[in-house]
Amino acid sequence: MIQERLRGLLAEAIGELRRDGVIPDGVTALAELQRPARPEHGDFSTNVALVLSGELQTPPRALADRIVQALPDADWVAKVTVAGPGFINFFLTHAWLQDTLRDIARLRERYGRWDSYDDVEDGRVQVEFVSANPTGPLHVGAGRNAAYGDALARLLEAAGHSVDREYYINDAGRQIDLFGRSLEARYLQALGREAELPADGYAGQYLVDLGAELAEARGDELVGHPEDIRAWGVERMLEGIQATLERFGVLFDTWFSEQVLHDTGKLTEALGRLQDAGVTYELEGAVWFRSTQFGDSRDRVLVRSDGRPTYLMSDTAYLIDKVERGFDHAVYVWGADHHGAVASLEAVRRALKLPIVVEILLYQLVNLYSGGEVVRMSKRTGEIVTLDELIDEVGADAARFTFLLRSLDGALDFDLDLVKAKSQENPVYYVQYAYARICSILRTGAERGIALGPIEEAPLAELVHESEQALARMLSEYPETVLVAARLRAPHRLTTYTRELAALFHAFYRDCRVISDDPQLTQARLWLAETTRQVLANALAVLGVSAPEKM
RNA sequence: GCGCCCGUAGCUCAGCUGGAUAGAGCGUCGGACUUCUAAUCCGAGGGUCGGGGGUUCGAGUCCCUCCGGGCGCGCCA
C-alpha cells in the first residue's frame, strides 16, 4: 500500500538525520501518516517533525525542512511541502489512485478484508450477543443488540479475526420459573379451568396465545406437569427468537444453554475453583466472593442462603467454559443497565487467572417513541413492541441501518412514526440508491453495447476531474476504515463511510457523464463506477444490509 | 452519596491513539429532470463544541472542577 511506501521514504530520511547526529540515539521517531482534510495540504501528511521538535528543542519547521531535504527521490511523489507549524505534506502523482482502482478490480469482494493477514493478535474471538431471556418475543431494544453484535462480528472477521457468534440462553432460574407458571395458568384457562396468573407473572397476550396453542396441540395431557409445560414454552419461545433473528440477518454458531451448565455440574466445579483460590467466605448462610480484592466495589453473593446459585455463579461457570472451548477473547454485548455486573465478571477472571480477554461492550438503551411519547416496555406487563413488528413496518435493512447509525455510547431514539411514515428519508435508502444507480448505469452501458473492458486497457489517467479524484480517494480509504472501525468496535464508522461514499458518487454523477461519445473516457469512468459499486457492496455486507440492483 | 454514559447548528447526530479554517442529515428559504435512476443534486442561512481552570507548539478530543440529562448501585437477571 501507498502508506507503506511513504513510511519507507520517511524512515530513510530519519535514518540519514540520525547518522548526521541531528536526531540522537534513544529518540524514537514515529512517522504518523494522516489524510489531510484539505486538498491544499496534500494527499498525505506527517506530524513527525512536530513530535520530534518537542524532544529535541529544535524549531519544528527547521526540522521539517531537514527531513524533506533528506527524503530520497521517488517518481510517484509530485511535491513535498512544509506547512503550518511544521507539517510535512506529500502531494502524489495520480498513479496511486489508479493503483487503488486496479486493486479493487482485482480483489473484488476481498478488497478491504484483512483475512489474509496472520498476525491476528486476538486469536479466536467469541462474540456473545442478544442472549435475551426466552420468556417472550424479542423487543425493539434487543434489535440494537442484534444489529450491533452481528455487525461487530462481521467487522472483526473483515479485519482478519476468527469469530464465533454465540447466544447464551438463560433457561434456568427464577424468571424462567415464573414464565413456566404463567404459561401453565394460560394453558389451564385455555382448557376452561380455573387458574390465576401468578403475582408478577407475565401478562403479555403472547402467553395467552401460547397457552391456547398448547391446549390445541396436546389437549389436557400436560395438566399437572409444570416442568413439561415450561420446557415446551421455552422451546417455542426460542424457535420464535431464532426465526426473528434469521429475518434480521443474524445467525449464531452456538446456542448455549445455561441449564446445561447446571446439569453437568459446571457450577459446582466453578465454585470449587473459587474456594480453592481462597477468595470466598460464608456469611449469614450465603457464600460470598471477595471481589473487592479484585477491583469490584463490593463483594458478591455466589450461593444464596437457600442454596440457589446467583447469576454471577452461572456467569463464572460460563466464562470458564469459554476458556475450555479455546477462546482467547470473549466479547459480551450488554445493555448499559447491566454495567454493574462488569466489575464482578472481571474480578472472577482475575481471581481465577483465566487466560482470556474479557471485553464487555455496553450500549445505551433504546428509547422508543410513538405518537411523540416514549413507549414504556415491559415483558411482564406485556407492553412491548416486538422486533418482528419493527421489521414488518420498516424492513430489516432500514432497521439495521438505523441501529448502526450511532455510536454505542449514546442513547438511541427510535421514532416509530418517523421511520414508518417517512421511510423514504431513511439514510439507508440514500446509500442503497447510489448502489442501484451505479447498477443502472452499468446496465445501460451493456444495453448500448458498451461493456466493461479489461481494466488494464482502461485509460484511468483520464480521471482527472475533482469529483473523480475525490471519489477514488475515498475508495482508497476503505481498507483502513475497516481496521479503525474494528479496533474501536465501532460499526457505525462504516455506516458513516457508506454515506460519505454515496455522497461522493452522487457528486461524481452530477459532474461527469459516465457513458459518453468518448469510448476511452467512458471505459475509465465505467471502471470508477464499478469499483465504487464493489466497495459499497463490501461495506454494506459488513453492516449486514442488502445492496439492491434496482429501486 | 458512589459508578458508567451523554452534553457539538433550531432538531437528530458524525468527528481515528490531540493536528491545520469543527462536518453531515433533517427542518427553513431559493434553484436544477428533452440527456446514464430527481429516493438525486446545487446555493443560502445557521456554532461561546454545557461553564470554568489546566497540560501542550497545537484541545471538541487529555486532566481537574462545576452544572444539566440518562442508566445502575439486591441473597433480582
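This one's a predicted model, so the numbers in the text were calculated from it and none came from an experiment. Letters A, B, ... mirror the listed sequences (proteins, then strands); counts begin at 1.
Looking at A/Lys322 and A/Glu166, no side-chain N of the basic residue comes within less than 4.0 Å of a carboxylate O on the acidic one, giving no salt bridge.
A/Tyr497 is linked by a ring-ring contact (aromatic ring centres under 6.0 Å, His included) to A/Tyr478, counting only residues two or more places apart in sequence or in another chain. With sequence neighbours excluded, the residues that form a side-chain contact (heavy atoms from CB on, under 4.5 Å) with A/Ala547 are A/Tyr435, A/Leu540. With sequence neighbours left out, A/Phe401 forms a ring-ring contact (aromatic ring centres under 6.0 Å, His included) with no residue at all. Every residue two or more places apart in sequence or in another chain that forms a salt bridge (Lys or Arg N to Asp or Glu O under 4.0 Å) with A/Arg349 is listed here: A/Glu346. The ring-ring contact (aromatic ring centres under 6.0 Å, His included) search around A/Tyr168 returns A/Tyr318, not counting sequence neighbours. Not counting sequence neighbours, the partners of A/Tyr433 by the ring-ring contact (aromatic ring centres under 6.0 Å, His included) test are A/His506.
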Could you run down the sub-3.5 Å N/O contacts of the protein with nucleotides 33-35 of chain B?
{"residue": "B/U35", "atom": "O2'", "partner": "A/Arg513", "partner atom": "NH2", "Å": "2.9"}

What does the list of N/O pairs under 3.5 Å between the protein and nucleotides 5-8 of chain B look like, with a distance for each?
{"residue": "B/C5", "atom": "O2'", "partner": "A/Asp409", "partner atom": "O", "Å": "2.3"}

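Inspection of the A/Asn170 and A/Gln175 side chains reveals no N or O donor paired with an N or O acceptor under 3.5 Å.
Side-chain N/O atoms of A/Arg510 include none lying less than 4.0 angstrom from OP1 or OP2 on B/G43.
Within the structure, salt bridge (Lys or Arg N to Asp or Glu O under 4.0 Å) contacts touching residues 499-528 of chain A (residues at least two apart or in different chains) are A/Glu468-A/Arg525. Among pairs with a residue in residues 400-409 of chain A, those fulfilling side chain to side chain donor-acceptor pair (under 3.5 Å) read A/Asp150-A/Arg400, A/Thr402-A/Asn426, at least two apart in sequence or across chains.
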Dot-bracket summary - RNA chain B, pairs being Watson-Crick or G-U whose distances fall under 3.5 Å, with | when paired to another strand: (((((((..((((.....[...)))).(((((.......))))).....(((((..]....))))))))))))....
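Taken residue by residue, residues 431-439 of chain A places heavy atoms nearer than 4.0 Å to RNA chain B at A/Tyr433, A/Ala436, A/Arg437.
Remark: the separation of the C1' atoms in B/G10 and B/A32 is 27 Å, to the nearest Å.
A/His339 contributes a side-chain N or O that forms a donor-acceptor pair with the base of B/G3 under 3.5 Å. Taking 3.5 Å as the limit, the base of B/C75 and the side chain of A/Thr310 contain no donor-acceptor pair of atoms between them.
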